[in-house]
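What's counted below: heavy atoms across the whole structure, side chains too, no hydrogens, waters or symmetry copies. The chains referred to below are lettered A, B, ... by the order of the sequence lines, with proteins before strands, and numbering in each begins at 1.
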Amino acid sequence: MPELAEVAYACSLWNRGLSRQIKAVHVSPTSRVFRDEDRKRFSAELAGKTLMKSETHGKQMLFTFSGDYWLGLHLGMTGSLHIKEKSHSPQKHDALLLFQAKQTLVFQDPRQFGRLRMHKGKHPPDWWTEQPVSMLSPKFTIEIVAHALNRHTKRPLKALLLDQRYFPGMGNWMADEVLWRANLHPNCRSAMIGPKEQKKLFSQILFVVHGAMKSVGTKGGDPPKKWLFHQRWKDGGTCPKSGVTLIREEIGGRTSCWSPDLQKLGE
DNA sequence: ATACCTGTTTCCCG
DNA sequence: CCGGGAAACAGGTA
């Protein structure tokens, strides 16, 4: 269930393994999550190291190990992290198992859209340090939103919000939640947006991102009750504000959900 | 059996 | 070279 806040929560699940040594490593011989990496590196280089630190940036995770080793992890669509007993035996979709003295850190991913990377060096890898400004950072300003809008005037807002170069960590449900709160139609183009809507879009991004972190990000589970989140998956879901039946349709390549009376497409 | 899916990458088009 | 959109990736679930 991987968007910004869910990724943060998933990452924290491995924190029980912090300051503990990796006794042994199991690597799936077939899972696609290793992509172009040499999967032998993961077992050869992580065995014997200690997990020192975990952090997230958008949907990306970085785990720091002793000896200047770094593990990058992306959950893709169906990836998840778990803690299992120390004698956990590899299951069908287990991509990476890190065995510790008292427990096993598990990364599983049935659809294998996730991704693992290894890095060795004194400093974090480029693919980590060169990420766009986090939406949780004070440096994430309305100028970033304005820049994205100005640069992609013909893209539906929904597709733009999902662009990780500007909004790292934004996923399908968060984008719908933001647009619903900003009263903007997902198929609206940025060319049609004035400064007032821009401001609204920016402030609702902050609201949703921080609200999601406070709920989902720290406790897991679902966002607050009145959020669109709880209505957007089912046919016949209703708008939490107005009560009308929500519309679901593919926009920007993804199923989108919006309230037809609150989010109008201006002519 | 069919359709659908909280994501990214690649390919193709204008 | 670009911006934008569709397809591909793969398997579980309803």
Please give, in whole Å, the distance from dT8(B) P to M61(A) CE?
12 Å
Which residue lies more 5' along DNA chain C, comparing R32(A) with P156(A) via nearest heavy atoms
P156(A)
Check the phosphate of dG12(C) against H93(A), side-chain N and O only, distance under 4.0 Å to OP1 or OP2. Yes or no?
yes
Side chains of D94(A) and H88(A): any donor to acceptor distance under 3.5 Å?
yes
How long is the line joining CG of D176(A) and P of dG7(B), in whole Å?
10 Å
Testing R232(A), R254(A), R248(A) one by one against D176(A) for a salt bridge (Lys or Arg N to Asp or Glu O under 4.0 Å), which residue passes?
R232(A)
Side-chain N or O of T255(A) closer than 4.0 Å to phosphate OP1/OP2 of dC5(B):
yes
In whole Å, I'd like the distance from the CZ atom of R165(A) to the C1' atom of dG3(C).
9 Å
At under 4.0 Å between heavy atoms, what does K234(A) touch on the DNA or RNA strands: base, sugar-phosphate, or nothing?
nothing
Are the ring of F113(A) and the six-membered base ring of dT8(B) within the stacking cut-offs of under 5.5 Å and under 30°?
no
Would you mind classifying the nucleic acid contact of R232(A) as base, sugar-phosphate or nothing, using non-hydrogen atoms under 4.0 angstrom?
nothing
Opposite nucleotide pairing with dC11(B), Watson-Crick or G-U, both atom distances under 3.5 Å:
dG5(C)
Reckon Q164(A) has a side-chain N or O less than 4.0 Å from the OP1 or OP2 of dG7(B)?
no
To the nearest angstrom, the CZ-P distance between R155(A) and dG5(C) comes to 7 Å
Using atom CD of E3(A) as one end and atom C1' of dC5(B) as the other, report the distance to the nearest whole Å.
12 Å
Whether R35(A) contacts dT9(B) is assessed here as follows: a side-chain N or O lying under 4.0 Å from the phosphate OP1 or OP2. Is that the case?
no
Sugar-phosphate, base or nothing in reach of P223(A), heavy atoms under 4.0 Å
nothing
side-chain N/O K59(A) vs dT6(B) OP1/OP2, d < 4.0 Å
no
Polar side chain donor-acceptor pair, E6(A) to W173(A), under 3.5 angstrom
yes
Counting side-chain heavy atoms from CB outward, which of dT6(B), dG11(C), dG12(C) is closest to N172(A)?
dT6(B)
Under 4.0 Å, heavy atoms only, any strand: does G171(A) hit a base, just the sugar-phosphate, or nothing?
sugar-phosphate
Can you tell me the distance, in whole Å, between the CE atom of M174(A) and the P atom of dT6(B)?
14 Å
What is the distance from CH2 of W127(A) to P of dT8(B), rounded to the nearest Å?
15 Å
To the nearest angstrom, how far is H74(A) atom NE2 from dT9(B) atom C1'?
11 Å
Can you tell me if NZ on K154(A) sees more than 12 non-hydrogen neighbours from other groups inside 6.0 Å?
no
May I ask you to check whether over 12 heavy atoms, not counting those of R16(A), lie within 6.0 Å of atom CZ?
no
From dT6(B), dT9(B), dG12(C), pick the nucleotide closest to the side chain of K92(A)?
dG12(C)
Counting just side-chain N and O atoms, does R254(A) come under 4.0 Å of either OP1 or OP2 of dT6(B)?
yes
Check this for me: K241(A), atom NZ, are more than 12 non-hydrogen atoms of other residues, nucleotides or ligands nearer than 6.0 Å?
yes
Which listed nucleotide (dT9(B), dG7(B), dG12(C)) is nearest to the side chain of M77(A)?
dG7(B)
Counting only side-chain heavy atoms from C-beta out, which of dG12(C), dG5(C), dT6(B) sits nearest to P110(A)?
dG12(C)
